[in-house]
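Everything below concerns the one structure shown next.
Heavy-atom basis, side chains included; hydrogens, waters and symmetry copies ignored.
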Amino acid sequence: MPSDIQRKLTTILAADAAGYSRVMELNEEEGLRALKAARAVFKKFITRHYGRVANTAGDGLIAEFPSVVEAVQCAIEVQRELGDQQQDPEMALNFRIGIHLGDVMVDGEDLLGEGVNLAARLQSMAEPGGILLSQQVYDQVRGKLTVGFDYVGERHPKNFSEGVQVYCVSNMANAYPKMHIPEPERSSPETAPQSPAPFAAKASTWPDDEFDEILNKERPNASTSEPVSEDLEATIHERGKHFAVIFGALCLIDMISGYGIWAHWPGLALLTVWCLKAAPLWANDRFSPAMVRGAVLVTALVLINMFSWDGYFWAIWPIAALGFVAFLRRPRNRA
């Protein structure tokens with residue numbers, strides 16, 4: 001029985017501004033002016049490359065292109081022009097961009113379905129100022145553009161049952177320095193791993209709350225170069241469980257041995273290491289991972305001082321040294 005839902009295969013570009021809430025908090029008028037200027041840049045290049053804006057929400061947008069090459073070229077030119085226009089780093093809006101080629105549902109001027117959803121998920125995993133591509137997009141553009149591409153690896157976007165092979169544009173402000181992985185070798189068509197098939201749109205609409213979650217929600221660590229991926233979050237949680245088991249075993253040994261209380265020392269070391277690793281999860285637009293790690297070190301020094309208390313608060317000196325180093329390394333505004 002034929003469906004009355006119109007579908008089509010198209011290239012979807014999802015974009016979102018990193019640090020928008022921070023900029024608006026600093027200066028609402030300047031923040032709105034910066035967002036309007038960025039939208040004008042997107043509109044100019046989307047039109048130039050034969051695309052159109054399909055959805056907008058807050059500081060993000062969804063656009064579609066009949067050509068995969070044109071979509072990627074548009075994203076590259078947008079990022080370069082936005083970078084050239086930046087004058088004040090405090091008020092800069094750095095956009096993340098994700099691009100996917102997939103099946104979508106058409107509702108008037110809007111595009112809906114998992115094809116759009118996946119492009120938005122790629123955008124949410126991108127670096128500020130960076131561009132992420134799905135395998136379907138990479139297969140169409142490799143060798144056709146003057147830029148290079150790096151294989152990021154298999155990612156598992158939220159609410160997707162299958163992994164996604166992800167690539168990034170390699171020369172976008174040196175994005176993804178820690179994520180470069182050699183592309184898997186393909187020896188022959190018989191033994192080559194098959195690329196994931198394009199995601200087909202489900203026969204349902206994209207809820208408004210899902211759209212807001214992806215396109216209008218501020219992500220942690222938006223203004224730094226350390227991406228907070230779902231893989232990192234899972235690793236930190238798993239390591240926390242291991243450390244908790246180790247600390248429990250140390251406490252049990254401490255009680256059985258009867259040589260006084262000593263388990264708090266290795267426990268403090270384990271907790272400090274775990275907190276330093278988890279710093280990107282707690283960072284946001286106001287507090288960078290470096291600031292979070294500094295707070296962890298200060299807390300550890302105070303606890304060590306308390307555990308070995310002899311009437312002298314010596315931790316003030318290393319804490320002051322950390323504060324001085326942070327002062328020297330603070331970002332300075334351009335003249």
Flag side-chain contact, heavy atom, 4.5 Å: W274 against K277 = no
Which pair of non-hydrogen atoms, one from A38 and one from F95, has the smallest distance, and what is that distance?
-> CB-CE1, 3.5 Å
Taking C-beta and beyond as the side chain, do V166 and L133 meet within less than 4.5 Å on heavy atoms?
-> no
Check step by step if side chain to side chain contact (heavy atoms under 4.5 Å, CB included) holds for I319 and L297.
-> CA-CA 8 Å; I319 291 174; L297 292 176; over 6 Å; no
So which heavy atom on V23 is nearest to which on G31, and how close?
-> CG1-CA, 3.5 Å
Charged N to carboxylate O below 4.0 Å: is that the case for K8 and E64?
-> yes
For Y138 and Q165, test the side chains for any donor-to-acceptor distance below 3.5 angstrom and give the result as yes or no.
-> no
Taking the side chain as C-beta and beyond, is there a heavy-atom pair between R96 and S124 under 4.5 Å?
-> no
Side chain R52, main chain E109, donor-acceptor under 3.5 Å | yes
Aromatic ring proximity F65/H49, centre distance under 6.0 Å | no
Starting from the C-alpha separation in whole Å, work towards a yes-or-no answer on side chain to side chain contact (heavy atoms under 4.5 Å, CB included) for I97 and Q123.
-> CA-CA 5 Å; I97 295 179; Q123 168 268 119; 5.8 Å; no
R33 with E30: basic N within carboxylate O range, under 4.0 Å | yes
Out of curiosity, N94 CG to D16 CG, how far, rounded to the nearest 0.5 Å?
-> 11.5 Å
R293 versus L276, closest heavy-atom pair with distance | NE-O, 3.2 Å
Could you tell me whether the side chain of I12 reaches within less than 4.5 Å of the side chain of I99, counting heavy atoms only?
-> no
Do we see a donor-acceptor contact under 3.5 Å between the side chains of Q136 and Q140?
-> no
Any side-chain heavy atom of V137 sitting closer than 4.5 Å to one from S134?
-> yes
Yes or no on side chain to side chain contact (heavy atoms under 4.5 Å, CB included) for V53 and I62, after CA distance, side-chain angles and deciding distance?
-> CA-CA 6 Å; V53 176; I62 297 290; over 6 Å; no
is_close_aromatic(Y151, Y167), centroid dist under 6.0 Å = yes
Closest non-hydrogen contact found for W314 with L301 is CH2-O, 4.2 Å
Derivation of the side chain to side chain contact (heavy atoms under 4.5 Å, CB included) call for V164 and Q135 | CA-CA 7 Å; V164 180; Q135 178 76 55; over 6 Å; no
